[in-house]
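These numbers come from the heavy atoms of this one structure, side chains and all, not from hydrogens, waters or symmetry mates. Note that the coordinates shown come from a computational prediction; the quantities given were computed from them, not determined experimentally.
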Amino acid sequence: PPGTKHRATGVYGLTCLTNLTSLKLRGNPYVKDDTLSLLTNLTSLDLYYNSLITYHSLQHLTRLQELDISSNFRVFDDTLIKLTGLKSLV
């Protein structure tokens with residue numbers, strides 16, 4: 001109804017947006033690997049302070065050119081090596 005405030009409790013709808021090329025999810029506690037792994041057209045992704053993201057989702061995002069994973073301690077170098085198109089990494 002009009003005037004009703006809704007609180008976002010997830011980002012599951014993102015999986016339908018497979019044509020996205022840029023996405024900022026800074027500090028979003030609801031983003032998980034299964035959400036991102038289907039967004040293979042992303043070229044820019046900001047995951048600052050997202051502790052639930054691991055290498056499982058990033059390994060599928062081979063078109064990434066810009067990636068911010070600062071303050072994210074579950075992503076390791078061996079995954080980043082597979083992202084050969086990266087031009088910017090924070």
Side-chain angles (χ1 to χ4, degrees):
T4 303
K5 292 185 179 182
H6 297 280
R7 183 175 159 196
T9 57
V11 289
Y12 302 108
L14 285 176
T15 57
C16 298
L17 303 174
T18 56
N19 288 326
L20 276 180
T21 58
S22 181
L23 184 59
K24 291 185 180 183
L25 294 168
R26 291 183 146 238
N28 189 315
Y30 303 109
V31 179
K32 297 180 182 175
D33 284 330
D34 58 344
T35 304
L36 290 178
S37 62
L38 299 175
L39 303 178
T40 56
N41 285 318
L42 286 176
T43 58
S44 177
L45 181 58
D46 186 338
L47 293 172
Y48 170 79
Y49 202 72
N50 266 304
S51 60
L52 296 179
I53 298 301
T54 68
Y55 65 93
H56 294 292
S57 63
L58 295 179
Q59 67 185 350
H60 301 288
L61 306 181
T62 57
R63 294 183 182 180
L64 280 178
Q65 295 176 10
E66 299 174 2
L67 178 62
D68 184 342
I69 52 170
S70 51
S71 297
N72 184 330
F73 304 106
R74 297 177 72 188
V75 177
F76 303 104
D77 291 345
D78 56 343
T79 301
L80 299 176
I81 290 171
K82 298 176 184 176
L83 302 177
T84 58
L86 280 181
K87 297 177 182 175
S88 173
L89 176 63
V90 180

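- The shortest heavy-atom contact between Ser57 and Leu36 is CB-CB, 3.9 Å.
- Both Leu23 and Leu61 belong to a single network of hydrophobic side chains, linked directly or stepwise wherever heavy atoms of I, L, V, M, F, W or Y lie under 4.5 Å apart.
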Please report, to 0.1 Å, the donor-acceptor pairs under 3.5 Å made by any side chain of residues 80-90, with sequence neighbours excluded.
none

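- Shortest non-hydrogen contact noted between Glu66 and Ser44 is OE1-OG, 3.2 Å.
- Once rounded to the nearest 0.5 Å, the distance linking CG of Asn50 with CG of Asn28 reads 6.0 Å.
- Taking CD of Gln65 as the reference point, atom OG1 of Thr43 lies at 5.5 Å (rounded to 0.5 Å).
- Taking CG of Asn19 as the reference point, atom CG of Asn41 lies at 5.5 Å (rounded to 0.5 Å).
- Among Leu20, Leu39, Thr21, Leu58, the one residue that satisfies the side-chain contact (heavy atoms from CB on, under 4.5 Å) test with Leu45 is Leu58.
- Annotation: the span from Arg26 atom CZ to Asp68 atom CG amounts to 5.0 Å, rounded to 0.5 Å.
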